[in-house]
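Take a look at the structure below.
No experiment lies behind these values; they were computed from the predicted model shown.
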2 protein chains.
Amino acid sequence: MRAEQGTHLAGPVLIVGAGLLGASIGLGLRARGLDVVLSDSSPSTEAVARDIGAGRLYSDVKVAGEGLSPELVVVATPPDVTARVIAEALLTHPDAVVVDICSVKEAILRELAGMPDVAGHLSRYVGTHPMAGREKSGPVAARAELFIGAPWVLCAHAGSAPDAVLRAESLAVDLGAVPARMTAEEHDGAVALISHLPQVVSSLVASRLQDSPVQALALAGNGLRDVTRIAASDPRLWVQILSANAGRLVDILYGVREDLNRLITTLEDPMAGGARLDMAQLMTEGNAGQARVPGKHGTPPDSFARLTVLVDDVPGQIAKLLTEIGHTDINVEDFRLEHSPGRQVGLAELSVLPGRRQELTESLTQRGWKVVQ
Amino acid sequence: MRAEQGTHLAGPVLIVGAGLLGASIGLGLRARGLDVVLSDSSPSTEAVARDIGAGRLYSDVKVAGEGLSPELVVVATPPDVTARVIAEALLTHPDAVVVDICSVKEAILRELAGMPDVAGHLSRYVGTHPMAGREKSGPVAARAELFIGAPWVLCAHAGSAPDAVLRAESLAVDLGAVPARMTAEEHDGAVALISHLPQVVSSLVASRLQDSPVQALALAGNGLRDVTRIAASDPRLWVQILSANAGRLVDILYGVREDLNRLITTLEDPMAGGARLDMAQLMTEGNAGQARVPGKHGTPPDSFARLTVLVDDVPGQIAKLLTEIGHTDINVEDFRLEHSPGRQVGLAELSVLPGRRQELTESLTQRGWKVVQ
């Protein structure tokens, strides 16, 4: 990756909360040459964040008697304390724009509205939410590139000053993210559906596996693996997220429960009249919803063509395959290697622009590769 | 892949049902030099299967007046008609072992037990289930390699003759699968949990997306994509599978409903005493279940170490990366390229044996690659 030339922000940027996201923001801004100051309620967390190069410490700045007038304060604390930390930042740094990166937005605004002493300062506050994260947490897992290409939602409230919104947008752009403006209401509705719903359902499925026989799990395929992957997420963080967006999520879960009850009824008596039709209906509705999920590039599903190539599972084979694809000048949009347990062979699934699929298939076949799909 | 030398089966093998699985079995056995004869109730399906090289047609064999005495009959029809087709095969081919590959096993046995005319023939029947499939269906999607490395469950019943079980096992081995013996009861319990549960839950989640705003879906990440991927499966086939294993699946869904109700209660009043503890408990149970899901090789989770490398999104970069990894003589166990929407950069996630991770990181860094994790 080429180094960024110049930034929209000038700095210094104060980051409060040096976990995965706070430390990643610090790393990203430092990599672009900005002065970053960090603080965290945990001394060991902030020390790790400093040591990996995410910024210097606010406590050191204060000990040195240095005056700090941040251009921007980024509140990256857990959801429960976010509103309080925003309020403190607005009062402590009267010239700074303050943003938070909490994954719920209305609850934060509601809390702030209930604090009379910050009412006159809210024009400098903009709620934001970068749609990036990892299953791991803490500054050790941080990386400067975490936000590259990810959507970064900006939720200006009615009283946000236009230049405060621009400064929040600068943060997203400087970190390589793609800004998306929406209201807090629109945001919270969207994340309830696309993030909180799959999270809790993944946990509900994974929970059923707790006492299952090992030989049953040994038969598991990619279906189970994919559905349960995010069930590995941190319960402490998620309890705060779910609590803060409880109303929107529970409305969606009423719909899930209604469908689940329909399904249970059909399964309790699968020979009953209409049972199979109901089952088919539920599956067909799933087809329709799934077809609306965008692909990896944020593009519509099926906008890339796939082909599968058989590769021997020895060092250098995949490299050889991709070197030869490189010679064709066809860009591989996505690549996934599927191993076969117990066999020294893998299936490499390649995605390319649909117009290049046939050409690539022919070229690889000529070079002796086995294209199986 | 090197061609297989020799087979356990001698042939001919008759395959009844020339859809995705039947045609894939035909292709796999033909590739190993066995005589395969196909039939399907749909003339166009069996014609396609023949044209792709999955075998010659039973109807042609009969027209030619050729006597056919198959060593093995593979019943690969939809679940609803499987027991009837097994019975016909047992009566028509008195020297053949008959297997089916239906994804439920007890319901088939029960149906067969209710047919007095086949009672004397059931020693030649063995129920089996290859744990392989695709989201696509029909013979066009068939491939000879579909079963390589996949578990293939063999469910001998109390009356199965030992040499019938061996012949069924030969089919699995000749197709490169890994045989696993269990009872029909164990099998049906296992697939209810690891296949039917994730399928219906994926459909329930995807169903919620039907009327969602496009801008909400545009924020979707891998979490939603992974949870809803299998919701694209064929409703007609799944209605038959779910009906045939309804009792086992519904017992699991009662547990899901109980947990869902607990979750809904906590979300209806997230400030109530104990609500957060209940939420945390549900998430923690999900962690515990997820940790039991085996990895891609059928190995325990986390048995490979991962590292992420930043690559420019231009032709040849991934090949260059893998070529240089090839020079290190470290085998890449798994490889996944994550694109960033709107940015010309990708994150290549590599899995290697844990003992080689540090070495590979250093080697790549020395060669100028940016290893971010």
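- Listed by first and then second residue, the ring pair (Phe, Tyr, Trp, His ring centres under 6.0 Å) pairs involving residues 191-250 of chain B are B:H196-B:W238 (not counting sequence neighbours).
- B:L224 places a side-chain heavy atom less than 4.5 Å from the side chain of B:L217.
- Below 30°, between 30° and 60°, or above 60°: for A:H187 and A:H129 the angle between ring planes is above 60°, a perpendicular geometry.
- Neither the backbone nor the side chain of A:V140 comes within less than 4.5 Å of any heavy atom of chain B.
- Looking at A:N245, there are no atoms closer than 4.5 Å to chain B (heavy atoms on both sides), in backbone or side chain.
- For the atom pair CZ of A:R229 and CG of B:N222, the computed distance is 5.5 Å after rounding to the nearest 0.5 Å.
- The list of ring pair (Phe, Tyr, Trp, His ring centres under 6.0 Å) pairs with a residue in residues 198-234 of chain B, not counting sequence neighbours, is empty.
- When each of B:D226, B:I252, B:L204, B:V201 is scored by its heavy-atom pairs under 4.5 Å with chain A, the top score falls to B:D226.
- The residue among A:L267, A:V191, A:L249 with the most heavy atom pairs within less than 4.5 Å of chain B is A:L267.
- Contact count versus chain B (heavy atoms, under 4.5 Å) is highest, among A:Q215, A:M131, A:R257, A:M182, for A:R257.
- Of the listed residues (A:L146, A:L242, A:V214), the one with the most heavy-atom contacts under 4.5 Å to chain B is A:L242.
- At least one side-chain heavy atom of A:I264 sits less than 4.5 Å from a side-chain heavy atom of A:L260.
- The candidate from A:P270, A:A231, A:A275 with the greatest count of non-hydrogen atom pairs under 4.5 Å with chain B is A:A231.
- Residue with the most contacts toward chain B among A:Q199, A:E324, A:R208, A:Q281: A:R208 (heavy-atom pairs, distance under 4.5 Å).
- Side-chain contact between A:M283 and A:M279: absent, with no pair of heavy atoms (C-beta onward) separated by less than 4.5 Å.
- Taking CD of A:E268 as the reference point, atom CG of B:D251 lies at 9.5 Å (rounded to 0.5 Å).
- Under a 3.5 Å cut-off, the side chain of A:E285 and the backbone N or O of A:L282 do not form any donor-acceptor pair.
- Proximity to chain B involves both the backbone and the side chain of A:Q240, based on heavy atoms less than 4.5 angstrom apart.
- Of all the listed residues (A:L253, A:L219, A:T228, A:V205), the one sharing the greatest number of non-hydrogen pairs under 4.5 Å with chain B is A:L219.
- Among B:G221, B:S203, B:A216, B:P235, the residue with the largest count of heavy-atom pairs under 4.5 Å with chain A is B:P235.
- Neither the backbone nor the side chain of A:S195 comes within less than 4.5 Å of any heavy atom in chain B.
- Looking only at heavy-atom pairs under 4.5 Å with chain A, the residue among B:G247, B:S212, B:P213 that has the most is B:S212.
- Per-residue counts of heavy-atom pairs under 4.5 Å with chain A were compared for B:S202, B:A280, B:P198; the largest is that of B:P198.
- Chain A forms the most heavy-atom pairs under 4.5 Å with one residue out of B:A180, B:A141, B:G223, and that residue is B:G223.
- The two residues A:D80 and B:R276 make their nearest non-hydrogen contact at OD2-NH1, 2.8 Å.
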